[in-house]
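Take a look at the structure set out below.
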Amino acid sequence: MSFVVIAEPDEIHAASIRAILDGVEKNFEYELVASAEAAIDVIEHHKPDVFIGAMEMAVMTGTELFSLVSMISPETIRIVMSDGRKISETVSFINACKVFKIIIKPCRLAEDLLMPIDAALAERARTGQAAAKAERIRRQVKLIREEYRKTKQEWNAAAQNYGQIEKMFTDMLKFNMNLTEMSDEEAGRLGDWYAWIVRQYMKTNLEEAYIDYEQAEQALVGYGDDPMNGQAFEIKNNCKEPVIPEQMAEISYILTLCIGCCKAVLKRYDMKIRIEEAEKAYILRLRCTLFRDWTKADKPILYRERSEAVRKRLCAATGQALDAFGYQSVQRQKGDDTVSNIAIPKRGLS
């Protein structure tokens, strides 16, 4: 229900107002106070729909009181009560305080109070609806701007990714090879491998540019962990904060290539991945156990690709695909384990 505050220091007029309001049906609650200080206290705590105040107050002037009301609760509709004989003072007050209506004192009839109060409540409802509409429009505009920003980011990211693909191909071709120096098997396997590398890039960096860790983990484990064929894969996220979704796709791409390379050249492997976070980069710590090709009885188990030349070509192509993005990586051998650390700079940081 609407709430009205009335400030009237004149006890006789205040009693008349109370008698009028208590004797009629009304669609609002009210509080009648005798001082400017009491009025300010009520307004600070309740932010009324309408404030009615006498033009002349003790301690502070009516102008000061109405100015304070305007500052404390700007949405409150303000009505002044004025002696009808003080026309020039009333006009000056209206111009200074921008009041909505005037009530001529003394009030003797219910209409003297109810008509201006009802008009003020209607105005309050209208301005409230306008404000609500304006807020809805503001939110819609904000959402549209946010969608535009995201779309623009996606377009920029796609353009950047296509540029990276072009650069990756260029770097690979420069680094590699004269195909005439390869056997037909090597050239065929390497060509297929390049095509697979690019397909994975398109899938993880363009089609699925925004993925969270859980989605990436599910896909990577599904691809890399195959106990029936002696292939073990485990990944853990040691970052305190969630990995940026755009970069989770990047991490997923790197790990997909590492798994794919192990599948192609090792056949059997045990790979453990840890994702950690530094100030300006994500760190991938990869540990892969390599199984030996021979048993103690000197019988081949064929845990690796048979052609050493093909193995080297596939590993080199995989390394070039990662190097093309400018990642910093360090690799070392520890017994039968290969340990790699790859730093992926966080986007948006210099």
Side-chain angles (χ1 to χ4, degrees), residues 1-140:
M1 183 174 286
S2 301
F3 182 51
V4 178
V5 174
I6 304 171
E8 175 53 84
D10 186 302
E11 294 182 3
I12 296 176
H13 192 229
S16 176
I17 291 172
R18 190 181 299 280
I20 290 172
L21 294 180
D22 290 347
V24 297
E25 290 187 4
K26 51 191 176 296
N27 60 347
F28 59 88
E29 295 177 344
Y30 78 95
E31 184 165 347
L32 184 61
V33 297
S35 67
E37 293 84 351
I40 291 171
D41 183 64
V42 175
I43 290 167
E44 283 182 334
H45 289 88
H46 298 287
K47 301 295 189 296
D49 299 288
V50 179
F51 169 71
I52 303 173
M55 194 171 70
E56 296 177 350
M57 301 291 296
V59 181
M60 69 174 67
T61 66
T63 302
E64 292 172 336
L65 172 59
F66 272 73
S67 297
L68 283 173
V69 171
S70 177
M71 288 188 289
I72 295 170
S73 182
E75 295 82 10
T76 298
I77 304 296
R78 301 177 299 281
I79 297 175
V80 65
M81 292 187 294
S82 172
D83 188 331
R85 294 169 295 180
K86 298 180 178 180
I87 297 175
S88 61
E89 293 90 335
T90 303
V91 171
S92 298
F93 188 92
I94 292 171
N95 292 332
C97 299
K98 298 179 181 178
V99 297
F100 176 70
K101 292 278 185 183
I102 303 171
I103 295 175
I104 301 299
K105 297 169 59 172
C107 297
R108 293 188 175 90
L109 300 175
E111 288 76 8
D112 294 342
L113 279 171
L114 295 181
M115 288 182 65
I117 290 176
D118 288 342
L121 291 176
E123 176 66 12
R124 180 72 178 89
R126 187 190 67 77
T127 55
Q129 291 170 356
K133 183 178 179 180
E135 178 62 19
R136 287 195 300 271
I137 293 173
R138 188 192 67 79
R139 290 180 180 177
Q140 289 172 355

Inset, instruction - Look at the side chain of Ser35 and the backbone N and O of Ala58, then say whether any donor-acceptor pair between them is shorter than 3.5 Å. - result: no
Legend entry - Heavy-atom neighbours of Met60 CE exceed 12 at 6.0 Å: yes
Legend entry - Smallest separation among heavy atoms of Pro9 and Glu56, with atom names: CG-O, 3.8 Å
Inset, instruction - Check whether any side-chain heavy atom of Val4 lies under 4.5 Å from a side-chain heavy atom of Pro48, and answer yes or no. - result: no
Inset, instruction - Return yes if some donor-acceptor pair links the side-chain N/O of Ser67 with the main-chain N/O of Thr63 below 3.5 Å, else return no. - result: yes
Inset, instruction - Could you tell me whether the side chain of Lys98 and the main chain of Asn95 form a donor-acceptor pair under 3.5 Å? - result: no
Legend entry - Point-to-point distance, once rounded to the nearest 0.5 Å, from CG of Asp10 to NZ of Lys105: 5.5 Å
Inset, instruction - Verify, without hydrogens or angle tests, whether Ser2 (side chain) and Phe28 (backbone) share a donor-acceptor contact under 3.5 angstrom. - result: no
Inset, instruction - Test side-chain contact (heavy atoms from CB on, under 4.5 Å) on Arg18 and Tyr30 and set out the steps. - result: CA-CA 10 Å; Arg18 190 181 299 280; Tyr30 78 95; 3.3 Å; yes
Inset, instruction - Kindly say whether Glu123 contributes a backbone atom to a donor-acceptor pair with the side chain of Thr127 at under 3.5 angstrom? - result: yes
Legend entry - Over 12 non-hydrogen atoms of neighbours within 6.0 angstrom of CD1 in Ile137: yes
Legend entry - Inter-residue atom distance Met55.CE - Leu65.CG, 0.5 Å rounding: 13.0 Å
Legend entry - Nearest heavy-atom neighbours spanning Lys101 and Pro116: CB-CB, 4.2 Å
Inset, instruction - State, with a plain yes or no, whether a side-chain heavy atom of Val50 is found less than 4.5 Å away from one of Leu121. - result: yes
Inset, instruction - State the CZ-CD1 distance between Phe100 and Ile52, to the nearest 0.5 angstrom. - result: 11.5 Å
Legend entry - Any side-chain heavy-atom pair of Cys107 and His13 under 4.5 Å: yes
Inset, instruction - Would you indicate whether the side-chain heavy atoms of Phe93 and Thr61 approach each other to under 4.5 Å? - result: no
Legend entry - Residue pair Phe51, Val42: steps toward the side-chain contact (heavy atoms from CB on, under 4.5 Å) verdict: CA-CA 10 Å; Phe51 169 71; Val42 175; over 6 Å; no
Legend entry - Distance, nearest 0.5 Å, that separates CD1 of Ile6 from CG of Leu32: 5.5 Å
Legend entry - Separation between CD of Glu64 and SG of Cys97, rounded to the nearest 0.5 Å: 10.0 Å
Inset, instruction - Hey, could you give me the CD/CG distance between Glu75 and Asp49, rounded to the nearest 0.5 Å? - result: 10.0 Å
Legend entry - Asp118 vs Asn27 side-chain heavy atoms within contact, under 4.5 Å: yes
Inset, instruction - Compare every heavy atom of Phe66 with every heavy atom of Ile79, then report the nearest pair and how far apart it is. - result: O-CZ, 3.4 Å
Inset, instruction - Check Ile20 against Ala110 and note the closest heavy-atom contact, atom names and distance. - result: CG2-CA, 3.5 Å
Inset, instruction - Check for a donor-acceptor pair, side chain of Lys26 on one end and backbone N or O of Leu21 on the other, with a separation under 3.5 Å. - result: yes
Inset, instruction - Walk me through it: do His46 and Val5 pass the test side-chain contact (heavy atoms from CB on, under 4.5 Å)? - result: CA-CA 10 Å; His46 298 287; Val5 174; over 6 Å; no
Legend entry - Heavy-atom check, side chain of Glu135 versus side chain of Arg138, under 4.5 Å: yes
